[in-house]
Amino acid sequence: MLRKVIDLSSDWRYRSALDSPGSPATATSIWRACRSLPTEIHLDLLNDKLIPDPFVGKNEEALQWVGEMKWEYETSLSIPIEAFQSDARAVLVMEGLDTFATVTLNEKTILESANAFIAHRLELTRAMFDTADDNGFQSSSNSDDAASVVTGSLRIVFDNAERRGLEIKEQHPEHDWFTFGSGTTRLATRKPQYHYGWDWGPKLMTCGPWKPIYLEYFTSRIADVAISSSLSTDLQDAVVTVSVEVDGPAEQVAVDLLLHGNVIHHEVTTVREKVGLVQIKVAGPELWWPHNLGPATMYSIRVFLSTAQANDLLHVDQLEKSFGIRKIELVQRKLEDQDGTSFFFKVNNIPVFAAGSCWIPADSFVSRISQRRYEEWIQLARDCNQNMIRVWGGGVYESPAFYDACDQQGMLVWQDFMFACGNFPAHPEFRAQIAVEAEQNVRRLRHHPSIVLWCGNNEDYVIYPLRRIQYDATETSPEAILKSIFPARYFYEHALPNICADLTPDTPYWPGSPFGGDMVNSQLEGDIHQWHVWHLDMFPYQDYPRLSGRFVSEFGMQSLPCLETTMEFFPADATSATLENNVLENTFLNWHNKMPDGHDRICHYGRANISFGASSLAEVIYNTQLIQAETVATAYRSWRRLWQGPRKEYCGGALVWQLNDCWPVTSWAIADYYLRPKMAYWAMKRECAAVTGGLSRIVKDGAERTLEYWAANMTQTGVTVDITIRAWLVTTGERILERKLHNRMSLAPNRSIDLGSLAIDDMNLPRTQQHRDIAFALSLDFQDSSNDTPKSVQAINFHEPLREVPFPSDKTKVDLRISQSAMGISVQAKAAVPIKGLLIEVDGDSTAKWDDNGIDLMPGQVAELRYLGQSLRPGQEDRLRARWLGGYLDQSSDLRASL
Ligand code: BMA
């Protein structure tokens, strides 16, 4: 018999359980049809209009009762009798239940589950269906009639996760329950930790069948397929090993290897001890590359399983899986001229500077994230010149669509195990849970070439240092660790690396993010979360150059989401009056910033750097996004500078906290919940382009004395550049300097190069206001090898903090024109004086997209911003709005002073 699958995604109903504590909405206690699976309770309630949108206003607060209730989901099963006949086996597959779930079949409990991250396979027997239930589901069967079915009632009851977590916690008073926030019961519960609320996320304790449920029946099946590929040193030959695990009697496995849809190899083997093993030599393999290095070529295999029947072979199961051929190394070795060790990735022998971001679940309700949305998020990151995404440990092991998108788009993935910001317990039941969870998820994801690192946890190693409590890191035996105050080291240093070594030996493992060095979060070894800016000491972001690390896996700055997104969460009856005076005191804006003193910190950085007005929503949004953009630009500019070639990889990567949001909120995200880029997004895109320049003012004895300058060439070939320095007076727009610094200078590949420094006093600049009124620009002119066209990139440098720059407030005029060419629609911008952070928007076009925005603009130059939306047409200049530091322009009403 060929394995058959019965889809169980429809015809479910739900209600609050009868023994659930009182609900404000008794309406929930009657059965209602639910959405198709996968689903979560809030989505069903929302669908039936039993709750308001949890993302709007302060609805979250009024919806806490949902998480306190017990919820039931029920469906009727109808299974062909052949599923139980002769040697067939029927298995109910539930890929994920969130979280404390009791599953009954015809009122008999068949599963008690307490881990949202694991899948269940439950064998069903004919005997389970032999009694009729009293819910109207008649269990009928007739074994004489092959067409008949057995029917039954399948019910899943989801319990209150917080209460259950509390019970577990109380059973373990010996453990030091401690977190950085969101309560401590979360530590006892294998549920997405961000459901408990985070400093960017609402507390929405949802539950439900959040992953697919189906029934399969078979005589034999393919239980798992492991694919690994090893490459020769010169990458010219690969051996692909396909190991097929079989469940049930089977004779033969046939494997097709496919490339670009064509079968390029066929191999047949005999199943021995439940495994069919095939090794395929691939000469001249097409490698999988991150998108900035080459094509992300995917191969796939098709596996066919057969059993012997009479003298024949009977095809019983088949499966297709895609994979990539690539080699990954995490390089930690001594550096030249500096202490410590490197931390960077090599892909197919090429060292890669990882420029990327941290990923949180893209919704509070993960089950509604479509494949398309995952693809759009990864595309957005890729368009921003990112090549790595870190799946953060407080969310979920993502769905296949996420990793498929990363595979296909050439995005490297740093994958945390799901532990974050807490001292997790390690009692025996918890250990048993983690063993299953880790094994299942590694097996599920290991064929994705995009995953280049498995990492034990997020920030669990910094708990004790931050509390100034010593744990004995030299005590490394499992027994000693389990008895210590930090027992979860057992997972990070023993259980998880062992599972990874066993199941995915070619992908590196790292105990935690951050980890490494004598003091975890060292600047000299391992990876670092750089939170001295924003959190901890609230250092200025201008300090980033001295705050680097060997690999910065978190850093960031909060800003408000885009205007249209903000408007989405204001309740319909909120009037504009609610926004008068200090916008940041607005009750809804406050609710949508989950860091208790978030707005204070925003104001701190705002006031330290610009004239931080907060009297209109648009102005606050612009100002906070500008500060975030400056922060992110400073980080990438200064840390990419430290990628200096072989043995000088002083910084091997930087991942901004964070790429995305799970609801509309003020956060560190560089694009908001609706995928609208904030200004930091474009800043990152510019700073992480293949070829960039850098400029920095060096202050000595209280005065700006020199300009250091450098260039980065992240391509794999040399680039020949002309380098010019220019300067303008900010007050008048007069150009006061233009000097060619290098003619046809060759930039070596894959590194940054310090080019020297210039004494400002030797530049013969007119008498200026201590250089505060000068804007410098370093331009690099070269031939773009990708399309053989001339290209120019510019690094612009203003005095900092920006509030000390004497930008003219009234005379500024920015001229905007719409033009159309074969490339599409563009907006051309010109200005008479140097402009900081020019952001162009289209009135009434909330879906506008741009290839660049939020730019700095120098007099005499024309910036061309490509419009990638649908609605703007030539001649519609009156729809353009622009905002820059200190100015605002509405083409229809002419220049207005900054609001
Ligand atoms: C980091 C993360 C998150 C948190 C973020 C912002 O360290 O690991 O826990 O949301 O900081 O505070």
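Counting starts at 1 for both ligands and their atoms, following the listed order. Below, each value reflects all heavy atoms present in this structure, side chains not excepted, and no hydrogens, waters or symmetry copies.
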Exercise. Which option out of Ile360, Asp199, Val462, Asp416 puts a heavy atom nearest to atom 12 (O) of ligand 1?
Worked result: Asp199

Seminar exercise, completed: Of all protein heavy atoms, the one nearest atom 9 (O) of ligand 1 is Trp198 NE1, 3.0 Å

Problem set entry | Minimum-distance protein heavy atom relative to atom 5 (C) of ligand 1 | Trp657 NE1, 3.4 Å

For this session: Might you work through the salt bridge (charged side-chain N to carboxylate O under 4.0 Å, His left out) test for Arg368 and Asp363, ending with a clear yes or no?
Result: CA-CA 8 Å; Arg368 71 171 163 189; Asp363 206 301; 2.9 Å; yes

Seminar exercise, completed: Residue set satisfying salt bridge (charged side-chain N to carboxylate O under 4.0 Å, His left out) with Arg467, at least two apart, ordered chain then number -> Asp176

Exercise. At a non-hydrogen distance cut-off of under 4.0 Å, which region of Trp668 contacts ligand 1 (side chain, backbone, both, or neither)?
Worked result: side chain

For this session: Mind running side-chain contact (heavy atoms from CB on, under 4.5 Å) on Phe402 and Ile378 for me, showing each step along the way?
Result: CA-CA 8 Å; Phe402 172 87; Ile378 302 307; 3.8 Å; yes

For this session: Could you list all the salt bridge (charged side-chain N to carboxylate O under 4.0 Å, His left out) pairs where at least one residue sits in residues 413-424, not counting sequence neighbours?
Result: Arg390-Asp416

For this session: Measure the distances from the heavy atoms of Trp392 to every atom of ligand 1 and state whether one is below 4.0 angstrom.
Result: yes

Problem set entry | Steps toward salt bridge (charged side-chain N to carboxylate O under 4.0 Å, His left out) verdict (Glu687, Arg640) | CA-CA 9 Å; Glu687 294 298 339; Arg640 234 168 65 131; over 6 Å; no

For this session: Just jot down the ligand 1 atoms closer than 4.0 angstrom to any heavy atom of Cys421, in number order.
Result: 9 (O)

Exercise. Numbering the atoms of ligand 1 from 1, which are under 4.0 Å from a heavy atom of Glu554?
Worked result: 1 (C), 2 (C), 7 (O), 8 (O), 11 (O)

Exercise. Going by the atom numbers of ligand 1, which of them fall below 4.0 Å from some non-hydrogen atom of Glu459?
Worked result: 1 (C), 7 (O), 8 (O)

Exercise. How about Met411 and Arg382: do any of their side-chain heavy atoms sit closer than 4.5 Å?
Worked result: yes

For this session: May I ask whether Phe180 places a heavy atom under 4.0 Å from ligand 1?
Result: no

Problem set entry | Asn458 neighbourhood, listing ligand 1 atoms whose heavy-atom distance to it stays under 4.0 Å | 8 (O)

For this session: Show the numbers, then the answer: is there a side chain to side chain donor-acceptor pair (under 3.5 Å) between Trp668 and Gln628?
Result: CA-CA 8 Å; Trp668 300 262; Gln628 186 195 25; over 6 Å; no

For this session: List every atom of ligand 1 that sits less than 4.0 Å from any heavy atom of His535, numbering the atoms from 1 in the order shown and giving each element.
Result: 6 (C), 12 (O)

Exercise. Checking salt bridge (charged side-chain N to carboxylate O under 4.0 Å, His left out) for the pair Asp672/Arg676: CA distance, chi angles, key distance, verdict?
Worked result: CA-CA 5 Å; Asp672 68 32; Arg676 295 190 176 114; 5.0 Å; no

